[in-house]
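Report on one structure; see the data block that follows.
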Amino acid sequence: MRNPKITTRRFAWWLAVLAIGGGLIAAAQAGAFGPLTFTRSALAQANTIITVDASPDLESGSLRYTCTYTQGAIFTPAPDNKCTLRRAINEAAARPQSDRPIVIRFNLPANDPGKDLEVSGTWTLQVDAALPPLKTDSIINKNGQVLIDGSTQPGGRADGPPIIVDTNDYSLEVESTGNIIRNLSFKGGGVIFLKEDGNTVENIWMGLSDDGQSIAFRDTSDYKRMAGGGVFISSDNNTVQDNTISGAYAKAIDINSGSDNNLITRNQIGTRADGTVPSVPEAAQCLRSFNYDPGNWYGGWGIAIAGSNNEVSRNRIAGLHIMQSQNDSPPTAIEIFGADHLVTLNIIGLAKGGDKVGVCGQGIKVSGSGTQIVDNAIVRSRTGFEGNDGKALDMAILASDTSPTFGQITVRGNLVDEGPGRVYGFGPGIPDTLKLFNPARIANINGVTVSGGNGENSPCPNCLIDIYLDDNDETAEALEHLGSVAADANGDFSFTLSQPLSAGEGLRTNSTTQSSGVIGNYFAGTTTKTSKLFLPMTGLSIDGPTAGQPGVQYQFEIAVSPAGATSPFTYTVDATDMSTQNLVTESSTIMATYSWVTGGTKTIEVTVANDLGSLTATHQIEISGSGSGTPTPTPGPTPTPGPTPSPTSTPSGSSSPGVYLPLIVNN
């Protein structure tokens, strides 16, 4: 079990994350259900106002009924004089350009059958057949300019959308430009499709119960279908902001290939409406099963982007989980295809209030080219994909692509806490030229001064070096971004910390090129994998007996502290009457076994070196008595570690045979 204690430095970082996360969500909610400044302005500017006044989906099979508009024999007001959502959309699509902008507002009466079905201050609108698309009267002019705003409903609640649309698995297809859909709650599985450019979806709930506190499964006889919902984009220059989308069966927000310059910002994915996620017993978290557990939380899928020049920023993604088989990939928080995207300032795995609920799959997975992944925070992401060898790709941020167009992925300033194993690395499809290129090496940590140079066999002239704080537990993390520095033309750098490292704290790096051709054929802006932990050694001990007899084997444990100090270690061991022994290993603890055949004071001296320096320690054992005629061991070269010790050399400076056993790594 890991120590949950956090350092003062880490605590400051968490406060900053919580302030940013809480602020962006609070701002989103205030904008959604506060004063209707924008809405009033839109109403004042509207050429046409259509008012929905009935919640039932009356005459749902009709393609010609409108609320008030007549156009020859094609469109006509419904004979019951009721204005439903279906009729309002149909009318907005039919009206000519001279009638735009159009506002669809709501004024459902207090005695409407859809009022207060589950939550006070709400009206539920049923959808019984496919909705008409939100389009225009012309296939040539796509200018829609329709605003659908649920907050226009008088007497509606102030802490959530007053209008709830029960979609019955039917979707809303937007086939015109310049429309705004806001302040509505969608449940029942329907999706919003943005098929034309320049539309906005904001302040929407999808997949949640009417009070926003649980998942609204679209079919309680088949929980595997989840809540459904989501926003699918196959067009350009759209904005999806300040929404909460949970329980999505597919991607919560999905930007398709060929869709460019879209903005996805300040959304909550996988959470309750207030940004929290209920507590789930540890044994049930991320359990891969098709059996529904009412005590679990099924936040659904995350965000996927393709196309080019899209931005995903300031979103909170937490609690992602689905019902699935053992072999299905768990939901990824952010999955990236295409080119030249910006993914920044997203909070993954941290619910509002600071609960580290995580996500059940990959934090961020990226392919394509030219994408920047900067200043995101990822907490408790899990492994979501496997390599060709069947082993999990245990990176919080994973680059994986077999395409020859892959490249120029910039990964800087991201924070990772309680990750799956590593911070940033590459899948099996990435060429070794990049996969094996080593990030900057730290050679010295002296107080607040950090210096270093190129990684092994990886010259990186003028590269940007990012430096991260980590502790010495078993998981690679980036708990704080301490800053960055540009290396010189030789790859050397010097960096000043704001304060000395505390006990158990170390540093990691990654390097980002500033010119093309530094790493193979990759362009400037290509970031290496994250480095190993650079943690200075603080102690070296030799533990073993201090007295013994000739001919008896004695073991000595040689240990470096702290346990997570930078590896590999080069051990040089000298013992009285024995040849010098050398061993290079990743282990911070090894065993040496000796047997002397002559009496006297025997000294064991050990020097251990790593990238950051060296330490020396000695130990003495007093051998009393005379030799016992131990058989002569088989001579051999420098010993290699192994679980079964065997003789490898004879003692020096003695006429009597002795036994010198190899150093054994203590695994």
Check against salt bridge (charged side-chain N to carboxylate O under 4.0 Å, His left out), D211 and R157: CA-CA 11 Å; D211 63 1; R157 60 178 172 180; over 6 Å; no
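- Taking both residues in full, the closest heavy atoms of P278 and R272 are given as CB-NH2, 3.3 Å, listed atom of the first, atom of the second, then distance.
- Looking at R218 and D169, a side-chain N of the basic residue comes within less than 4.0 Å of a carboxylate O on the acidic one, giving a salt bridge.
- Sequence neighbours left out, not one pair with a member in residues 116-194 passes disulfide bond (SG atoms under 2.5 Å apart).
- Between T124 and D166, the side chains place no donor N or O within less than 3.5 Å of an acceptor N or O (distance only, hydrogens not considered).
- Note on residues 237-297: pairs passing disulfide bond (SG atoms under 2.5 Å apart), not counting sequence neighbours, are C286-C360.
- Under a 4.0 Å N-O distance rule, the pair K224/D222 qualifies as a salt bridge.
- For the residue pair N179 and Q145, no side-chain donor N or O sits within less than 3.5 Å of a side-chain acceptor on the partner.
- Pairs engaging residues 174-199 under the ring-ring contact (aromatic ring centres under 6.0 Å, His included) rule: F193-F232 [sequence neighbours left out].
- Within the structure, the disulfide bond (SG atoms under 2.5 Å apart) test picks out no pair touching residues 123-232 (sequence neighbours left out).
- G429 and T402 make their closest contact through CA-CG2, 3.9 Å (heavy atoms, listed as atom of the first residue, atom of the second, distance).
- Residues A396 and P420 come closest through the heavy atom pair N-CG, 3.7 Å.
- At a threshold of 4.0 Å, the pair R95-E91 counts as salt-bridged, since one of the basic side-chain nitrogens sits closer than that to a carboxylate oxygen.
- The neighbour count for K142 NZ, taken as heavy atoms of other residues, nucleotides or ligands under 6.0 Å away, is above 12.
- Take Y292 and apply the ring pair (Phe, Tyr, Trp, His ring centres under 6.0 Å) test, not counting sequence neighbours, and it matches F217, Y223, Y298.
- Listed by chain and residue number, K195 satisfy the salt bridge (charged side-chain N to carboxylate O under 4.0 Å, His left out) test with E175 (two or more places apart in sequence, or in another chain).
- Taking 4.5 Å as the limit, every side-chain heavy atom of V103 sits out of range of all side-chain heavy atoms of I50.
- For residues 250-261, the pairs satisfying side chain to side chain donor-acceptor pair (under 3.5 Å) are D260-S308, with sequence neighbours left out.
- With sequence neighbours excluded, the residues forming a salt bridge (charged side-chain N to carboxylate O under 4.0 Å, His left out) with R422 are D394, listed by chain and number.
- Closest approach of N199 to T177, counting heavy atoms only: OD1-C, 3.7 Å.
- Note on residues 207-270: no pairs pass disulfide bond (SG atoms under 2.5 Å apart), not counting sequence neighbours.
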Please table the atom pairs, donor to acceptor, closer than 3.5 Å between any side-chain atom in residues 125-133 and protein atoms at least two apart or in another chain.
none

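- One finds a salt bridge joining D417 and K356 here, because a Lys/Arg side-chain nitrogen approaches an Asp/Glu carboxylate oxygen to under 4.0 Å.
- Pairs passing the salt bridge (charged side-chain N to carboxylate O under 4.0 Å, His left out) check and including a residue from residues 56-65, sequence neighbours excluded, read D57-R86.
- Contacts classified as ring-ring contact (aromatic ring centres under 6.0 Å, His included) and involving residues 104-148 (residues at least two apart or in different chains) are not found.
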